[in-house]
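Just so it is clear: chains get the letters A, B, ... in the order the sequence lines come, proteins before strands, and each one is counted from 1.
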Protein chains: 2
Amino acid sequence: MQNPDKQENTVKILGEIDRMIHEPARLMIMAYLYVIESADFVFMMRQTGLSKGNLSSHLSKLESAGYVDIRKEFVKKIPRTFLSLSQTGREAFDRYQQQMKLFLTELP
Amino acid sequence: MQNPDKQENTVKILGEIDRMIHEPARLMIMAYLYVIESADFVFMMRQTGLSKGNLSSHLSKLESAGYVDIRKEFVKKIPRTFLSLSQTGREAFDRYQQQMKLFLTELP
DNA sequence: TAATATGGTTTGCATTACAAACTAGTATTA
DNA sequence: TAATACTAGTTTGTAATGCAAACCATATTA
């Protein structure tokens with residue numbers, strides 16, 4: 001270890017990592033929304049492999065956190081739920097990504 | 001998105017990420033042991049900022065998983081717990097690090 | 001010897017992730 | 001038109017988790 005302090009600090013980042021994003025299921029959801037801008041519930045279910053119950057509850061949490069916007073519409077009389085990342089969500093994801101990248105790359 | 005399939009696959013890695021390591025407290029522990037080879041309980045407590053109860057239970061889990069070796073000694077009549085990463089633990093950490101790095105860097 | 005410190009482990013609790021069960025509407029078949 | 005099945009989700013129940021408070025054993029100090 002060349003610079004112990006630096007090492008220390010990058011590890012300690014984890015102490016305050018955003019768990020709303022860190023959870024793998026939600027990290028998948030956020031990652032998809034980060035790149036594709038908009039998706040619906042069924043698409044997200046297929047992509048992530050999450051059960052609908054599980055997906056639904058993770059989405060509710062992300063919505064409560066203000067990270068994901070959820071818009072419900074009827075398309076040809078069947079309900080459809082559209083998902084997109086909010087600005088806050090995008091910023092939080094950027095921060096998460098930056099912190100984890102730093103942590104992972106600073107390790108020898 | 002230039003290559004959707006590639007994108008898809010790197011996100012889906014998260015579906016099978018090693019949660020034993022992914023948990024931030026344990027990730028800290030593993031990261032320290034990864035670089036410093038050996039540490040004791042008190043040192044780890046100070047470095048990670050975890051409470052002793054919490055540290056103790058995370059260590060037990062890592063030990064059960066076979067990722068961390070725990071050696072208890074008496075040093076001048078006071079107990080001391082030495083921690084080190086097992087070979088399995090090191091390999092698991094390598095894998096985790098590689099997967100997360102890939103996931104994080106493949107995102108635009 | 002009572003009180004305090006050290007180095008942990010165990011216990012209890014609140015939170016979580018997850019899928020099964022349920023709801024509500026549409027389409028299809030008998 | 002009654003019954004059945006499908007679609008698109010939400011709610012509910014439960015097992016597992018993370019966490020610190022409480023506890024335990026020994027050592028040291030007043």
Side-chain angles (χ1 to χ4, degrees), chain A residues 11-33 38-65 67-84 96, chain B residues 11-33 38-65 67-84 96:
Chain A
V11 172
K12 280 178 183 160
I13 286 173
L14 296 176
E16 42 187 80
I17 202 77
D18 186 344
R19 283 170 187 267
M20 182 58 64
I21 298 182
H22 191 63
E23 154 63 30
R26 289 189 296 264
L27 189 47
M28 279 196 278
I29 296 170
M30 297 281 285
Y32 278 117
L33 295 180
S38 170
D40 67 6
F41 189 95
V42 174
F43 172 85
M44 191 58 82
M45 216 181 114
R46 242 196 39 236
Q47 295 299 307
T48 59
L50 298 171
S51 69
K52 29 189 199 173
N54 199 11
L55 176 56
S56 176
S57 68
H58 281 305
L59 286 174
S60 296
K61 285 175 189 177
L62 288 170
E63 188 183 27
S64 303
Y67 288 177
V68 166
D69 293 326
I70 300 185
R71 205 180 78 248
K72 285 161 201 304
E73 273 181 31
F74 276 83
V75 177
K76 279 157 71 87
K77 303 200 176 175
I78 67 169
R80 238 175 121 192
T81 301
F82 291 94
L83 316 168
S84 59
Y96 175 85
Chain B
V11 172
K12 280 178 184 159
I13 286 173
L14 297 176
E16 43 188 79
I17 201 78
D18 187 344
R19 283 166 187 269
M20 182 59 63
I21 298 182
H22 191 62
E23 153 63 30
R26 289 190 296 264
L27 190 47
M28 280 196 277
I29 296 170
M30 298 280 285
Y32 278 117
L33 295 181
S38 169
D40 67 6
F41 189 94
V42 174
F43 172 84
M44 191 57 82
M45 217 180 113
R46 241 194 40 237
Q47 295 299 309
T48 59
L50 298 172
S51 69
K52 28 190 202 174
N54 199 11
L55 176 55
S56 177
S57 68
H58 282 304
L59 286 175
S60 296
K61 284 175 188 177
L62 289 170
E63 188 183 29
S64 303
Y67 287 178
V68 167
D69 293 326
I70 301 186
R71 205 181 76 248
K72 285 161 201 303
E73 273 182 30
F74 278 83
V75 178
K76 281 155 68 86
K77 301 199 176 177
I78 66 169
R80 237 175 124 194
T81 301
F82 291 95
L83 315 168
S84 59
Y96 175 85

Asks: Taking the side chain of A:N54 as its heavy atoms from C-beta onward, which of D:dG18, D:dT10, C:dC18 lies nearest to it?
Replies: C:dC18
Asks: Specify the separation, in whole Å, of atom CZ of B:R71 and atom P of C:dG7.
Replies: 16 Å
Asks: Detail all sub-3.5 Å separations between protein N/O atoms and N/O atoms belonging to nucleotides 28-30 of chain D.
Replies:
none

Asks: Please tell me if A:K61 has a side-chain N or O lying less than 4.0 Å from either OP1 or OP2 of C:dA17.
Replies: yes
Asks: Nearest-nucleotide wise, let me know which of B:E23 and A:I70 is further upstream toward the 5' end of DNA chain D.
Replies: A:I70
Asks: Using a cut-off of strictly less than 4.0 Å, decide whether B:K72 has a side-chain nitrogen or oxygen near OP1 or OP2 of C:dG7.
Replies: no
Asks: Send over the distance from B:L55 CG to D:dT17 P, rounded to a whole Å.
Replies: 18 Å
Asks: Rounded to whole angstroms, how far apart are NZ on A:K52 and P on C:dT23?
Replies: 14 Å
Asks: I want to check one thing: is the phosphate of C:dC18, taken as OP1 and OP2, less than 4.0 Å away from some side-chain N or O of A:S51?
Replies: no
Asks: Just do the salt bridge (charged side-chain N to carboxylate O under 4.0 Å, His left out) check on B:E73 and B:R71 with the steps written out, would you?
Replies: CA-CA 7 Å; B:E73 273 182 30; B:R71 205 181 76 248; 2.9 Å; yes
Asks: At less than 4.0 Å, is any side-chain N or O atom of B:R19 found next to OP1 or OP2 of C:dC18? Yes or no.
Replies: yes
Asks: Over how many whole Å does the gap from B:R80 atom CZ to D:dA25 atom C1' extend?
Replies: 19 Å
Asks: Can a side-chain donor-acceptor contact be found between A:D18 and A:H22 if the only test is distance below 3.5 angstrom?
Replies: no
Asks: Report the residue (A:F74 or A:H58) whose heavy-atom-nearest nucleotide on DNA chain C is the more 5′ of the two.
Replies: A:H58
